[in-house]
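Below is one structure, written out as structure tokens; comments come after it.
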Amino acid sequence: MLLVNTIRENYDTVLTGLKKRNLPNAESILAKVLELDQSRKDTQNQRDTLQAESNAISKQIGMLMKEGKNAEVEQIKARTTEIKEQIKTLEESFAQIEESLKQLLYTIPNVPHVSVPFGKSAEDNEIVLQNGTIPTLPEGKLPHWELIKKLDIIDFELGVKITGAGFPVYKGKGARLQRALINFFLDEALKAGYTEIQPPILVNEDSGYGTGQLPDKEGQMYEATVDRLFLIPTAEVPITNIYRDAILNESDFPIKNVGYTPCFRREAGSWGAHVRGLNRLHQFDKVEIVHISHPEVSYQALEEMSLYVQGLLQKLELPYRVLRLCGGDMGFTSALTYDMEVFSAAQERWLEVSSVSNFESYQANRLKLRYRNADKKTQLAHTLNGSALALPRIVAAILENNQTEAGIKMPEVLIPYLGFDKI
RNA sequence: AGAGAGUUGGGUGAGUGGCUGAAACCAACAGUUUGCUAAACUGUCGUACGGGUUAAACUGUACCGGGGGUUCGAAUCCCCCACUCUCUGCCA
């Protein structure tokens, strides 16, 4: 969430930013925030003053009792009862004000970076670049959901039997392709200086709040209700939460972590005709990169991540494009997001395979992720993350784009990992 | 899962009702000394939210696993919860 100080000190920037987000009533929301913050301060001030008085009296009682002046003690005790009443009232309204303020702040999305285009939907995203050649496919080309059936490498019906829709079973070369991609992505990340992390894939409530899945997107996660744990929708959640409540040193930067995990998404209400096959699943594999960055260089880090992800797509010989998301399409917590899309040649569609975002201090504020600057003051760090990469749509594109009469050719870089060169 | 013990600042660890935001030691940081390193010595050394200041200085409040209670006053007493350790059981 945003810092109230940011809202107060950069009011105009915040307001224009929120308008880019198409947030209705931005003015009145911000006004309410400032108002609540002011009454929070006033209330705290009153409470603290009374509390100070009460503390002084208690100290005095201690001394009087030591001197055996019990009559005087009884006298001033009466005064504290009065003060205590007042403190209690103030305490209650203070808690109430703080809670309303917090709830209100939760409803305010991050302020978009200046380069984020205005716009309402995916239509308005800006195409930054396009790279690679779109293949011409032979007669009788098939979409991946036909290919996997024909080749018997991914089985959706079997997944339905075991679990339900959206939980495919990968078999034979299909399973080996998954494993090869995961290893390839992790090895590439190591070469690029990332530290490999294997986090838990169930997280507690605090972690959900830390990265912003809670309280709003509760319905998007599977929950183990008995233990009040959530299956992660992305490795971003556990890997970023490593740094919850941390105070780093400037010398700790940059922090670059990579982790492979399965991801679980309920995807409630987001199914339709265009999400056949591997395009949308409840469980899928993803390798995620997470940066914790010094605020001054977080946008350099974002570019670095974008180039890194593009490099992976180039190595996999997939045609791709990079989009800068518009204010209306960007995630709630992001300040700037690049989406990477690959062209899946049989479906003739662009598929999102990565989303690289700078959250600036928005997540860090919830996480209480700070660092100590040269003046020994604590400052919020910046967090960034991106998929590198999400597997299912990569698999879909590899299968569709590389189909030949002789079978599906595997990308050169994967062959050492696969142990075969076509399916 | 059952029984017992525990949870204090970056670490070890003292503290059983007021003089404790918290001893001592270690680590860290700055300085003195030194041919260099080491040692020794001196100092600094929690977080959050307020007040104050151009900025500091200074100052108020809260925080000793989390929440609640008793009390004029709680790290210290009581209750609930979480977690950790030991033993027993079970198990990949």
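Basis for what follows: all heavy atoms, side chains included, without hydrogens, waters or symmetry-related copies. In what follows, chains carry the letters A, B, and so on, assigned in the order in which the sequence lines appear, proteins first and then strands, with residues in each chain numbered from 1. Since we're looking at a predicted model, the values are computed, not measured.
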Footprint string (nucleotides 52-68 of chain B, 5' to 3'): B base within contact, S backbone only, - free, heavy atoms under 4.0 Å: ----S---BSS------
In whole Å, I'd like the distance from the CG atom of A:L90 to the P atom of B:rG50. 17 Å
SB check A:E82 A:R79 (cutoff 4.0 Å): no
A:D206 CG to B:rA82 P, in whole Å, measures 14 Å
Any ion pair linking A:K409 and A:E317 (charged N to carboxylate O, less than 4.0 Å)? no
Could you please name the partner base of B:rA22, counting Watson-Crick and G-U wobble pairs only when both distances are under 3.5 Å? none
Just N and O in the side chain of A:S54: are any of them under 4.0 Å from OP1 or OP2 of B:rC72? no
Closest to the side chain of A:R40, out of B:rC49, B:rU47, B:rG73, is B:rC49
Mate of B:rU32 where both pairing distances stay under 3.5 Å, Watson-Crick or G-U: B:rA40
Nucleotide forming a Watson-Crick or wobble pair with B:rU61, both distances under 3.5 Å: B:rA48
Please give the nucleotide sitting opposite B:rG4 as a Watson-Crick or G-U wobble pair, both distances under 3.5 Å, or none. B:rC85
Mind checking the C1' distance from B:rC79 to B:rG21? Whole angstroms is fine. 26 Å
Indicate yes or no for a side-chain donor-acceptor contact from A:N249 to the backbone of A:D252 under 3.5 Å, with no hydrogens or angles considered. no
Relative to the 5' end of RNA chain B, which residue comes earlier, A:K88 or A:E98, by the nucleotide with the nearest heavy atom? A:E98
Using a 4.0 Å heavy-atom cut-off, write out nucleotides 16-23 of chain B from 5' to 3' as B (base contacted by protein), S (sugar-phosphate only) or - (no contact). --BB----
A:E85 with A:K88: basic N within carboxylate O range, under 4.0 Å: no
Whole-Å C1' distance, B:rG35 and B:rU53: 47 Å
If the C1' atom of B:rG51 is compared with that of B:rC45, how far apart are they to the nearest Å? 25 Å
Rounded interatomic separation in angstrom, taking CG from A:L369 and C1' from B:rU47: 15 Å
Nearest whole Å is fine: how far is B:rC45 P from A:N249 CG? 17 Å
Nearest whole Å is fine: how far is B:rG73 P from A:M63 CE? 17 Å
Crowding at CD, A:E250 (>12 non-hydrogen neighbours, <6.0 Å): yes
Closest to side chain of A:T378, choosing from B:rC49, B:rA48, B:rG46: B:rA48
Are A:R79 and B:rC72 close enough that a side-chain N or O sits under 4.0 Å from OP1 or OP2? no
Among A:T6, A:L367, A:L3, the one residue meeting side-chain contact (heavy atoms from CB on, under 4.5 Å) with A:L380: A:L3
Rounded to the Å, how far apart are A:L101 CG and B:rG50 C1'? 14 Å
OP1, OP2 of B:rA82 versus side-chain N and O of A:R228: anything below 4.0 Å? no
How long is the line joining CG of A:L248 and P of B:rU47, in whole Å? 14 Å
Can you check the distance between B:rG13 and B:rU86, where both ends of the measurement are the P atom (answer in whole Å)? 15 Å
Rounded to whole angstrom, note down the C1' distance from B:rU54 over to B:rA40. 43 Å
Please check if atom NZ in A:K368 has more than 12 non-hydrogen atoms from other residues, nucleotides or ligands closer than 6.0 Å. no
Proximal nucleotide (of B:rG50, B:rU47, B:rC72) relative to the A:R370 side chain: B:rU47
With rounding to whole Å, what would you report as the distance between B:rC29 and B:rG73 at their P atoms? 44 Å
Whole-Å distance, A:N5 CG to B:rA48 C1', equals 13 Å
Base, sugar-phosphate or nothing for A:K368? Non-hydrogen atoms, less than 4.0 Å. nothing
Under a 3.5 Å limit for both distances, which nucleotide forms a Watson-Crick or G-U wobble pair with B:rG73, could you say? none
Distance between P atoms of B:rU61 and B:rG43 (Å, rounded): 28 Å
Where does the angle between the aromatic ring planes of A:H294 and A:F253 fall among parallel (under 30°), tilted (30 to 60°) and perpendicular (over 60°)? perpendicular
Using the P atom in both, what is the distance from B:rU8 to B:rA14, to the nearest Å? 11 Å
Base, sugar-phosphate or nothing for A:I247? Non-hydrogen atoms, less than 4.0 Å. sugar-phosphate
Tell me if the CD atom of A:Q198 is crowded by more than 12 foreign heavy atoms within 6.0 Å. no
Check ion pair A:E352-A:R280 (N to O, under 4.0 angstrom): no
Is there a donor-acceptor contact under 3.5 Å linking the side chains of A:E400 and A:Q347? yes
Assess the pair A:H291 and A:Y194: is the distance between their ring centroids shorter than 6.0 Å? yes
Within the pair A:K77 and B:rG73, is there a side-chain N or O less than 4.0 Å away from OP1 or OP2? no
Please name the nucleotide paired to B:rC91 by Watson-Crick or G-U wobble geometry with both distances under 3.5 Å, or report none. none
